[in-house]
Amino acid sequence: MPRTSAAPRRQSHQGPFAHTLTGLLDALLPAPCTGCGADLGHLCPDCRDLLATTPPAPVAALPRAYAAAPYDGPVRRLLLAHKERGALGLAGPLGDALARAVRSALGPCPGPAPLLLVPVPSARAAVRARGHDPTLRLARAAAGALRREGLEARAVPLLRHTRPVADQAGLSAAERHHNLRDALTVRPPGRLRRSGRPGPTGYRPVLVDDLVTTGASLIEAARALSAAGLPPAAAATVAAAVPHHHRHRPDTPGR
């Protein structure tokens with residue numbers, strides 16, 4: 001069995017330059033695997049294979065919502081390293097996993113309309129503290145993976161918060177839904193309109209996030225898009241948490 005990964009480095013409140021430097025160092029310097037601790041680079045073949053081959057599974061948050069993998073073990077550590085410690089080199093493989101979940105959510109015939117990956121937004125304060133927007137970064141990586149497979153796709157941060165919300169970690173399912181109710185709205189689509197394409201903008205919106213737990217964030221995001229005339233065709237996440245298994249973990253992000 002691989003040995004346990006070393007203690008995480010503290011990278012909070014250091015800004016985007018520090019996170020970019022961390023990503024470069026992770027790519028250039030030998031380091032144990034972020035997922036399992038094996039001495040095979042920041043992402044070992046086994047953990048890369050886990051992200052690439054785990055069958056996406058439906059989640060109950062919304063119809064046609066899929067997660068690429070369970071939020072446990074190496075996947076959990078990889079997501080936390082990317083999100084909280086600025087391990088930017090993980091955005092590619094995590095984005096590839098997100099793209100697989102998008103394809104599963106859309107089914108075998110995704111249709112001709114181009115895909116618009118809409119990330120569930122993080123609070124502005126959280127983005128400032130981390131020095132980057134991890135969900136937007138993963139959405140862009142997933143859109144790139146889909147384009148490489150011949151699908152027209154782009155990622156656009158259409159959603160924004162209309163008011164401050166509490167940290168979801170530690171809240172019950174009912175409290176999470178109440179905390180996020182009517183908290184999101186849609187930015188003006190602007191140049192997104194494409195003549196001759198179906199839908200208000202000519203794109204098919206797909207909600208994307210790094211993690212789903214209770215589904216409160218996806219449900220509120222879907223409500224906001226639908227209210228703006230952009231009902232999502234599907235939703236996809238990198239991982240899905242089992243609520244009772246992670247309920248008391250302080251480092252489980254609230255989604």
Would a 4.5 Å heavy-atom cut-off, applied to side chains only, mark Ser217 and Asp209 as touching?
yes
Spacing of CG belonging to Leu184 relative to CZ belonging to Arg223, to within rounding of 0.5 Å:
7.0 Å
Counting only heavy atoms not in His178 (residues, nucleotides, ligands), do more than 12 fall under 6.0 Å from its NE2?
no
Return all side-chain donor-acceptor pairs below 3.5 angstrom for residues 112-119, not counting sequence neighbours, or 'none' if the list is empty.
none

With a 4.5 Å cut-off on side-chain heavy-atom distances among I, L, V, M, F, W and Y, is there a chain of contacts connecting Leu138 to Leu51?
yes
Nearest 0.5 angstrom please: Arg128 CZ to Ser122 OG, how far?
12.0 Å
Hey, what do you get for CZ (Arg147) to CZ (Arg154), rounding to the nearest 0.5 Å?
9.5 Å
Leu159-Val127 co-clustered via ILVMFWY side chain contacts under 4.5 Å
no
Can you get from Ile219 to Val59 by hopping between Ile, Leu, Val, Met, Phe, Trp and Tyr side chains that sit under 4.5 Å apart?
yes
Spatial distance of atom CZ (Arg163) from atom OG1 (Thr185) [nearest 0.5 Å]:
12.0 Å
Under a 3.5 Å threshold, yes or no: a donor from one side chain and an acceptor from the other, between Thr34 and Arg85?
no
Can you tell me how far CG of Leu50 sits from SG of Cys44, rounded to the nearest 0.5 angstrom?
9.0 Å
Output yes when a side-chain donor or acceptor of Arg100 lies under 3.5 Å from a complementary backbone atom of Ala52, and no otherwise.
yes
Is there any side chain to side chain donor-acceptor pair (under 3.5 Å) pair reaching into residues 105-119, and which pairs are they, with sequence neighbours excluded?
none
Minimum heavy-atom separation for Ala239 and Ala67, please, with both atom names.
C-CB, 3.8 Å
Could you pull out the closest heavy-atom pair between Leu43 and Cys33, with the gap in Å?
CA-SG, 3.9 Å
Between Arg140 and Asp133, is the closest basic N to carboxylate O distance under 4.0 Å?
no
On a heavy-atom basis, the closest approach of Ala69 and Val75 is CB-CG2, 4.0 Å
So, does Arg64 use its side chain to make a donor-acceptor pair with the main chain of Pro232 at under 3.5 Å?
no
Taking a hydrophobic cluster as the set of Ile, Leu, Val, Met, Phe, Trp and Tyr residues connected by side-chain heavy atoms closer than 4.5 Å, whether directly or through intermediates, do Tyr66 and Val238 fall within one such cluster?
no
Partner of Glu220 under side chain to side chain contact (heavy atoms under 4.5 Å, CB included), picked from Val165, Leu180, Val120, is Leu180
Between Gly89 and Pro93 the two heavy atoms that sit nearest each other are O-CD, 3.7 Å
Answer yes if Val212 and Leu136 sit in the same cluster of Ile, Leu, Val, Met, Phe, Trp and Tyr residues linked by side chain heavy atoms under 4.5 Å apart, and no otherwise.
no
Arg137 and Leu94, any side-chain heavy atoms less than 4.5 Å apart
no
Flag the pair Leu62 / Leu207 as yes when at least one side-chain heavy-atom distance between them is below 4.5 Å, and no otherwise.
yes
Is there a side-chain contact between Leu80 and Arg76, using heavy atoms and a 4.5 Å cut-off?
yes
Any side-chain heavy atom of Leu211 within less than 4.5 Å of one from Thr237?
no
Testing the basics here: between Pro134 and Lys83, what is the closest heavy-atom pair and its distance to 0.1 Å?
CG-CG, 3.6 Å
Give, for atom CZ of Arg176 and atom CZ of Arg181, the distance between the pair rounded to the nearest 0.5 Å.
15.0 Å
Between Pro74 and Cys47, what is the shortest heavy-atom contact and its length?
CB-SG, 3.7 Å
